[in-house]
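Notes for the one structure printed next.
When reading the values below, keep in mind they use all heavy atoms of this one structure, side chains included, and skip hydrogens, waters and symmetry mates.
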Amino acid sequence: MSEFVNVSEIFGQDVFNDSVMQERLPKKVYKELKKTIEEGKELSLEIADVVAHEMKEWAIEKGATHYTHWFQPMTGLTAEKHDAFITAPMENGKVLMSFSGKELIKGEPDASSFPSGGLRATFEARGYTAWDCTSPAFVRHDAAGAILCIPTAFCSYTGEALDQKTPLLRSMEAINREALRLLRLFGNTTSKKVTPSVGAEQEYFLIDKAKYLQRKDLIYTGRTLFGAMPPKGQEMDDHYFGVVRQRVAGYMKEVNEELWKLGVTAKTQHNEVAPAQHELAPIYAPVNIAVDHNQIIMRTLKKVASRHGMRCLLHEKPFQGINGSGKHNNWSLTTDDGINLLDPGKTPHENIQFLLVLTCILKAVDVHADLLRESAADVGNDQRLGGNEAPPAVISVFLGEQLGDVLEQLITTGTATRSKKGGRLETGVRTLPDLVKDATDRNRTSPFAFTGNKFEFRMVGSRDSIASCNIVLNTITAEVFREVNERLEKAQDRDLEVHDIIKEFATDHQRIVFNGNGYSKEWEEEAKRRGLPNLPTMVDAIPALTTPKAIKLFETFKVFSRAELESRAEIQYESYAKAVNIEARTMINMTTKQIIPAVIRYTTTVADSVHSVGSIEGMDVSVQTDILKKCTQHLKKVNEALHHLNEVTDIAAAMEDGRERAIYYKDTVIPAMADLRTPVDALEILVDKKVWPMPSYGDLIFEV
């Protein structure tokens, strides 16, 4: 029997949350800190000193010996430097444990070794981390002991953002300012803040640790670069929502408990479509906290897997031929007093504020479809998007029958007089209740789908930070809200102007709405006719960051400067080239040191068999001869493809221009990698399993 866990008792026990602050801080200090959190007011050093002292005392009670400014550089991962609470020894040989307000508010990690895209020269090392007091500090327990983790932003000595959090917080300020302005025009005088609310679903694979360690490709790149499909994949649809294996169930239990202690509202867990694939989803949170929580989730998934003799794979496509992994970013806008701006109500056609917000988002997504696509760009995601397992690379919006019908009425007649109802779903079984049916079905092929009272952006890769897509969603929506606010503030008849804006946006941007099958070839052709951008790869999408349109957007709202955008584009090109280079070098290494020697050993054994058995009168060695012939033919192709891959990889590595190099890797190196994989996978089917130098797909995904 597993140990009983009272979730309500352990939830948030390792978080310096509001209840802890209220209990431990003097009332005046608590009120000042709450003002900073809720209103964005500057925190004085005097107040910070008190908060720091109480935070340190609380953390020490939790067993903490060190603290760290926990930040999110442009590596896609988190970073941290640990400092002990101890100060200089006293005369009696003992030490004091101290933590000042200055240490809480600001840190100075070396910025020279983090990606900067040319913003900083290598010798310019200084960078600063700044406490994000809107995201609670927490104590993390692991092999290093207990560490007080303080969520922070990370910027350069000259003020440029070197991380994901700084522009995210800037975008939150932009959407809050323009959304509140819009609400005031609708007569709302009570709401004080509008915050993007996000829930991010996380998909992942679990495989056996011992088998993982036998695969150099998994170790170096996070995915398999070789591997023939097993006799069974996911075609039986028997894994999705199936019974969770006991080993995995024990893992999930421990993951949940760790996350709950850290205040992460892990709620949903289940088997995903592919064998060995699973999903975890939390409840919604303010977007900056949701971003932090998703990073905690990814780290926890990996850490706990190791304890259970497994490895967690977060790569978007760890296995060719079966579903890859992503994360769905569920995004909505909510006020501090509980109003969801994307809640259509029971009669959407009469909800003018909702229709205005909805059509504003349609315009934002249509105008900046390329930016939204880029926000999900990742070298691993290239192998997933558009592959009949994830949304296509063409951005479109799914609204469903109910809202689609309302917009059609607005476009054709200028007014909407009805909303389709969901009705009841009759089960046909007397002992089962009839179900209330939603007015709209769901569409898993849509990149950006309206799902009841939120939009679900389904393109984000499983390893990626969700910060990028939310920065884009917040900023592009703020831009259209600002346009609408300016028009309404000047309008003589505000009601008429709202009506005209809704009809105008619905009409002018209906090309972005598509409720059909996004996987079909017909949609790709239709999207082209509509003039929608099709950016199939990361390299195709990166230029969207530095178009005049994007620079104007982000500079207007002070989310990114031109220099910051150009640096991010450079980092993207560089990270793409580095990732593909590592994969190509890994393939070369595995082929040279493992695969070719194994095949030679096997064919030598077969050749010896042909020679010895064939020398016996009347013995038929045609099967052995056929195997030997096929293996030799494939081995020759392997050798030719290996030499070619070596050659083009060396050429790519010697190139200096970032974009040019990335394009060469995409157009030349990746096809050369595919040319090497084909004969190797064919050999895996022919060669004796005992001789083959690594676990097969069947070993990895069915033997967890």
Worksheet entry | His368 vs Val472, side chain to side chain contact (heavy atoms under 4.5 Å, CB included): CA-CA, chis, key distance, verdict | CA-CA 9 Å; His368 296 289; Val472 171; 5.5 Å; no

- Any salt bridge between Lys35 and Glu39, counting N to O under 4.0 Å? no

Is any side-chain heavy atom of Asn474 closer than 4.5 Å to a side-chain heavy atom of Trp331?
-> yes

| task | Find out whether Phe481 and Leu356 are in side-chain contact, i.e. whether some heavy atom of one side chain is under 4.5 Å from a heavy atom of the other. | result | no

Give a yes or no on whether a salt bridge exists between Glu54 and Arg24, defined as a side-chain N under 4.0 angstrom from a carboxylate O. yes

Quiz item: With a cut-off of 6.0 Å (strictly less than), are more than 12 heavy atoms of other residues, nucleotides or ligands near CZ of Arg494?
Solution: yes

Next on the checklist: Can you classify the ring geometry of Phe99 versus Phe85 as parallel (below 30°), tilted (30 to 60°) or perpendicular (above 60°)?
Outcome noted: perpendicular

Taking the side chain as C-beta and beyond, is there a heavy-atom pair between Ser462 and Gln202 under 4.5 Å?
yes

To the nearest 0.5 Å, atom CG of Asn176 lies from atom OG1 of Thr335 at 10.5 Å

*asked:* Checking Thr195 against Leu333 for the side chain to side chain contact (heavy atoms under 4.5 Å, CB included) test, could you report, in this order, the C-alpha distance in whole Å, the side-chain angles of both residues, the deciding distance, and whether it holds?
replied: CA-CA 6 Å; Thr195 304; Leu333 296 170; over 6 Å; no

Side chain proximity check, Val498 to Leu488, heavy atoms < 4.5 angstrom: yes

Side chain to side chain, Ser306 and Val304, heavy atoms closer than 4.5 Å
no

**Item:** Any side-chain heavy-atom pair of Phe205 and Glu203 under 4.5 Å
**Value:** no

Would you say that Asn294 contacts Ser465 through its side chain, given a criterion of any heavy-atom pair below 4.5 Å between the two side chains? no

Q.
Would Lys558 and Glu173 count as a salt bridge (charged side-chain N to carboxylate O under 4.0 Å, His left out) here? Give the steps.
A. CA-CA 10 Å; Lys558 296 181 173 57; Glu173 290 186 3; over 6 Å; no

Test Ile476 against Leu553 for side chain to side chain contact (heavy atoms under 4.5 Å, CB included), laying out the working first. CA-CA 7 Å; Ile476 64 177; Leu553 166 77; 3.8 Å; yes

Check your understanding: Should the pair Glu258-Arg307 be classified as a salt bridge under the 4.0 Å nitrogen-to-oxygen rule?
Key -> yes

**Prompt:** Is any side-chain N of the basic residue among Glu564 and Arg170 closer than 4.0 Å to the acidic one's carboxylate O?
**Reply:** yes

Is the positively charged end of Arg463 above the ring of Tyr204, judged by distance under 6.0 angstrom from the centroid and angle within 45° of the axis?
no

Open item on the list: Using a strict threshold of under 4.0 Å (side-chain N to carboxylate O), is an ion pair present between Asp18 and Lys34?
Closed with: yes

Scanning both residues in full, the closest heavy-atom pair of Val15 with Gly263 reads CG2-N, 3.6 Å

Salt-bridge criterion met for Lys62 and Glu57 (N-O under 4.0 Å) = no

Interatomic distance, CD1@Ile571 vs CE@Met74, rounded to 0.5 Å, equals 3.5 Å

Check step by step if salt bridge (charged side-chain N to carboxylate O under 4.0 Å, His left out) holds for Lys192 and Glu38. CA-CA 9 Å; Lys192 297 178 181 178; Glu38 294 174 358; over 6 Å; no

Check residues 279-287 and write down every donor-acceptor pair under 3.5 Å in which the side-chain atom is one partner and the other belongs to a residue at least two apart or another chain.
unit_1 : atom_1 : unit_2 : atom_2 : d
Glu279 : OE2    : His270 : NE2    : 3.3

### Message
Just so I know, are the side chains of Lys81 and His69 near enough to count as touching, which here means a heavy-atom distance under 4.5 Å?
### Response
no

TODO: State whether Asp142 and Arg299 are salt-bridged, where the test is any N-O pair (Lys NZ or Arg NE/NH1/NH2 against Asp/Glu carboxylate O) under 4.0 Å.
DONE: yes

So CE of Met21 and SG of Cys133: to nearest 0.5 Å the spacing works out to 8.5 Å

Salt bridge or not for Glu316 and Lys327, using N-O below 4.0 Å? no

>> Between Lys454 and Asp343 (salt bridge meaning N to carboxylate O under 4.0 Å), is one present in this structure?
In response: no

- prompt: Is the closest basic N to carboxylate O distance between Asp132 and Lys165 below 4.0 Å?
  reply: yes

Next on the checklist: If you apply the rule side chain to side chain contact (heavy atoms under 4.5 Å, CB included), what do you find for Asn17 with Phe138, and how did you get there?
Outcome noted: CA-CA 8 Å; Asn17 54 29; Phe138 57 94; over 6 Å; no

(Q) Taking Met459's backbone N and O only, do any of them form a donor-acceptor pair with Asn381's side chain (distance below 3.5 Å, no angle check)? (A) yes

